[in-house]
Number of protein chains: 2
Amino acid sequence: MQELQDFDQTHQTLQEVSNALDSGMFVHVRRLLQDMEPEDIAHLLEASPRKSRNVLWQLTDPEDYGEILDELSEDVKDGIVSRMNPESIAEATEGMETDDVAYVLRSLPNDLSREILSQMDTVDRFRVETALSYPEDTAGGMMNTDFITIRADVEIDVVLRYLRMKGDLPESTDALYVLDEESRLIGHLSLTTLLTTQQDTLVSDVMSDADEAIPVNTDDGEVANLFERRNWVSAPVVDENHLLLGRITIDDVVDVIREDAEHSMMSMAGMDDEEDTFAPVVKSARRRSVWLGMNVLAALAAASVSNMFEATLAQMASIAVLMTIVPSMGGVAGNQTVALVIRGLAVGHIGDSNQKELLMKEAGIGLLNGILWASIIGGIVMVWKSDMMLGAIISAAMLVNLTVAGIAGVSIPLILKKMNIDPALAGGMALTTITDIIGLFAFLGLATILM
Amino acid sequence: MQELQDFDQTHQTLQEVSNALDSGMFVHVRRLLQDMEPEDIAHLLEASPRKSRNVLWQLTDPEDYGEILDELSEDVKDGIVSRMNPESIAEATEGMETDDVAYVLRSLPNDLSREILSQMDTVDRFRVETALSYPEDTAGGMMNTDFITIRADVEIDVVLRYLRMKGDLPESTDALYVLDEESRLIGHLSLTTLLTTQQDTLVSDVMSDADEAIPVNTDDGEVANLFERRNWVSAPVVDENHLLLGRITIDDVVDVIREDAEHSMMSMAGMDDEEDTFAPVVKSARRRSVWLGMNVLAALAAASVSNMFEATLAQMASIAVLMTIVPSMGGVAGNQTVALVIRGLAVGHIGDSNQKELLMKEAGIGLLNGILWASIIGGIVMVWKSDMMLGAIISAAMLVNLTVAGIAGVSIPLILKKMNIDPALAGGMALTTITDIIGLFAFLGLATILM
């Protein structure tokens with residue numbers, strides 16, 4: 001039961017390690033690290049300030065390097081790998097699964113990764129090069145080449161003896177793959193079936209068919225959706241001729257699911273989902289400034305709308321005081337819709353068949369909430385500023401802007417998706433720009449006409 | 001290879017089903033549904049407008065009801081279950097795993113769920129009642145009671161014969177659990193070991209120890225983290241005396257991971273993560289208006305800051321035109337930091353040991369980007385408004401606000417967490433309120449003093 005307080009323990013260990021590092025007790029740190037699992041050391045590295053990471057890495061048993069690198073997020077991994085020499089990287093990748101080696105090598109400079117590949121033995125090099133030839137975000141990029149194949153015309157008993165002779169199965173093996181003479185996948189035999197079938201049965205009589213094979217070019221998000229809906233633990237990957245190329249296991253799928261969901265959340269705030277929590281200040285500042293630059297344009301666009309109504313603003317300062325309320329409410333309401341649509345697109349609930357329905361629904365919600373908040377804000381302004389007309393104007397602008405927010409909240413992500421722009425990344429800012437502009441136009445325009 | 005275009009297929013089927021429904025071709029729809037897997041019908045229901053859902057449900061084979069209900073999100077499931085009578089709900093739950101039955105019953109009114117329980121046989125009722133007695137978001141609420149136990153003092157051969165006699169294993173079984181005489185968990189035997197060990201070996205000689213057992217009260221997020229880091233497919237759940245209570249499988253963990261990540265993303269936009277994409281307009285509008293109400297308070301707070309400077313605004317309209325820029329940039333920059341911290345808290349990378357480090361780093365990024373954007377915006381304003389002083393003022397306000405945004409972006413989520421308030425839900429709005437207020441104060445205050 002040592003893992004009960006796993007979380008608290010990480011931060012206790014972290015504190016202990018950090019204290020030990022500060023007082024230069026490297027031997028103690030090395031002993032602490034020796035008692036930890038590679039995945040926990042990875043976690044410790046992610047949670048460590050950058051200056052401690054290199055020391056920790058030096059004090060870690062090189063035997064664990066490969067497994068640790070595989071568990072690290074891209075940014076942190078790249079930071080560490082960039083300080084290692086090619087020989088130790090090659091050494092670290094020994095015994096790792098093909099897809100994991102590909103992960104470690106993928107972001108390295110070309111000449112460095114070629115140098116590392118040249119240090120591997122021929123079989124490994126060929127496998128890793130094959131893995132690297134598939135795009136990272138496809139089934140080919142996720143698969144590993146560790147699996148067990150059998151023939152259809154043998155008895156269960158033969159398979160059992162074969163496995164006992166092998167003495168070991170690849171991690172997360174829940175099925176053996178059945179191939180024909182041309183190495184085409186024709187079915188699979190689950191370990192469960194293997195264990196519960198009489199020994200004289202032929203594999204061909206109890207194997208499942210090869211329906212669940214994943215084509216090598218399938219998008220990784222789609223692979224994740226298939227695993228999630230079918231409750232798979234592993235699945236075979238095939239080429240267009242149904243030749244077996246590899247196997248995807250649930251642990252890699254879980255990473256994709258986590259990353260996809262994190263991607264939506266981080267992108268909506270204008271962040272890179274691979275961003276290291278403890279990245280160097282200058283690097284982070286540069287990355288984030290791109291997004292801030294987009295927002296400067298959006299803010300200047302809004303300011304030039306206000307600028308058109310400078311005469312009205314000069315005439316009546318209470319207009320200026322109130323002019324931020326309508327855009328703010330529109331932005332918040334619209335972003336609720338954007339979040340709903342982005343999730344719906346990600347899990348595949350929204351498509352051509354139901355977009356109209358969704359648009360009507362969100363416009364309806366915008367209208368209803370528009371009426372509610374128009375009345376409330378209108379009332380508050382009438383009392384606060386003792387001005388009936390000003391209350392009526394802000395009410396009308398609010399109603400318009402919240403309805404627009406509902407419609408834009410559905411349309412913008414859908415249009416961005418059609419244009420192949422990531423809706424999670426650009427949706428929120430595009431929405432806010434529109435609700436800012438419409439909100440200011442409605443409020444300042446009405447005020448200019450009516451007051 | 002029928003699942004290659006799974007995603008496109010769903011929307012093709014959806015379109016076909018929706019056309020068939022519109023023209024009243026119910027027989028055709030029923031046939032389409034008969035060819036689909038339960039999890040695909042669930043997906044179809046989620047992606048269908050509400051008016052179609054009930055018709056689709058009527059046309060679905062009641063045999064599939066249980067599996068479909070289990071795959072639906074909470075809101076959609078509740079909508080459907082509320083229209084079923086207790087007998088058909090009880091019927092639908094037959095043959096389902098205990099945790100899945102508990103999921104279906106959990107949100108029902110008490111008297112209805114009692115009525116359904118009374119229709120089950122004694123063993124099932126007892127199991128489901130036990131599952132319902134654990135909080136939904138703990139290991140106890142996630143586990144099912146379907147597993148296979150063996151004794152330590154038998155030979156592998158005996159286990160193999162026992163499994164062959166059973167003829168079937170529970171879904172996602174990757175290990176058998178080894179109990180002592182008092183039903184305490186003392187270890188597990190993986191199917192892999194079972195298949196690769198000589199038949200005359202004793203279970204006790206090859207079983208792994210019971211270290212990985214999860215205490216029944218463990219939080220579901222922590223369970224997910226353990227599965228993710230250890231690459232488990234299933235894990236046993238025990239009580240404080242190490243009695244085996246149940247088993248958690250990876251498919252339920254995947255749901256938790258997906259939900260947790262969706263929760264962060266949806267909460268940050270002020271949405272309920274269980275929200276049905278096609279919820280009724282009035283219900284959605286009511287739910288979302290709570291969040292809009294919070295934002296009204298935030299917007300009014302900002303407006304009352306501007307109100308304090310009404311005299312300045314009355315004097316110079318260009319101040320009013322420009323006053324939205326600084327708060328907008330502060331909000332965007334601060335929310336980048338908030339997103340980073342929320343993710344860091346969720347995956348456990350941020351704790352007491354590294355908070356100071358993080359604060360310094362984000363303040364540094366805020367300062368750097370503050371200098372950058374202060375210069376750019378200052379320059380633009382000097383040229384646009386031909387006013388050196390106004391440019392200097394907006395520069396100074398920008399620098400202050402972006403630095404504050406960095407500091408507040410780290411502090412707010414951490415403080416909320418300490419107060420046991422969900423940082424994903426409240427963090428963004430609290431941050432924006434602060435950056436709005438500070439931004440307006442800095443800009444309008446400086447303008448009042450200096451112009």
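Here is how names work: the chains are called A, B, and so on, in the same order as the sequence lines, proteins then strands, and each is numbered from 1.
Taking A:D260 as the reference, nothing meets the side-chain hydrogen bond (donor to acceptor under 3.5 Å, both in side chains) condition, with sequence neighbours excluded. With sequence neighbours excluded, no residue satisfies side-chain hydrogen bond (donor to acceptor under 3.5 Å, both in side chains) with A:D255.
A salt bridge is defined here as a Lys NZ or Arg NE, NH1 or NH2 lying under 4.0 Å from an Asp or Glu carboxylate O, and B:R230 with A:D40 meets this definition. Checked for salt-bridge contact, B:E71 and A:R229 miss the test: no charged N lies under 4.0 Å from a carboxylate O.
Both the backbone and the side chain of A:S318 have a heavy atom closer than 4.5 Å to some heavy atom of chain B. Both the backbone and the side chain of A:L292 come within less than 4.5 Å of a heavy atom of chain B. Neither the backbone nor the side chain of A:L367 has a heavy atom closer than 4.5 Å to any heavy atom of chain B. In this structure, the portion of A:L372 lying under 4.5 Å from any heavy atom of chain B is its side chain and not its backbone. Both the backbone and the side chain of A:L163 come within contact range of chain B, with heavy atoms under 4.5 Å apart. Heavy atoms closer than 4.5 Å to chain B are found nowhere in A:D174, neither backbone nor side chain.
Between B:M265 and A:I342 the shortest side-chain heavy-atom distance falls below 4.5 Å. Counting heavy atoms from C-beta on, the side chains of A:K166 and B:T196 never come closer than 4.5 Å. Between A:K385 and B:N307 the shortest side-chain heavy-atom distance falls below 4.5 Å. Looking at B:E46 and A:V347, their side chains never come closer than 4.5 Å, going by heavy atoms from C-beta outward.
Under the 3.5 Å distance criterion, with hydrogens and angles disregarded, a donor-acceptor pair is assigned to the side chains of A:N295 and B:S328.
From A:L340, atom CG reaches atom CG of B:D273 across 11.5 Å, with rounding to the nearest 0.5 Å.
Formation of a donor-acceptor pair under 3.5 Å by the B:H349 side chain with backbone atoms of A:F278 is not found in this model.
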With side chain to side chain donor-acceptor pair (under 3.5 Å) as the test, would you mind laying out the steps for A:N354 and B:S48 before giving the verdict?
-> CA-CA 7 Å; A:N354 51 20; B:S48 294; over 6 Å; no

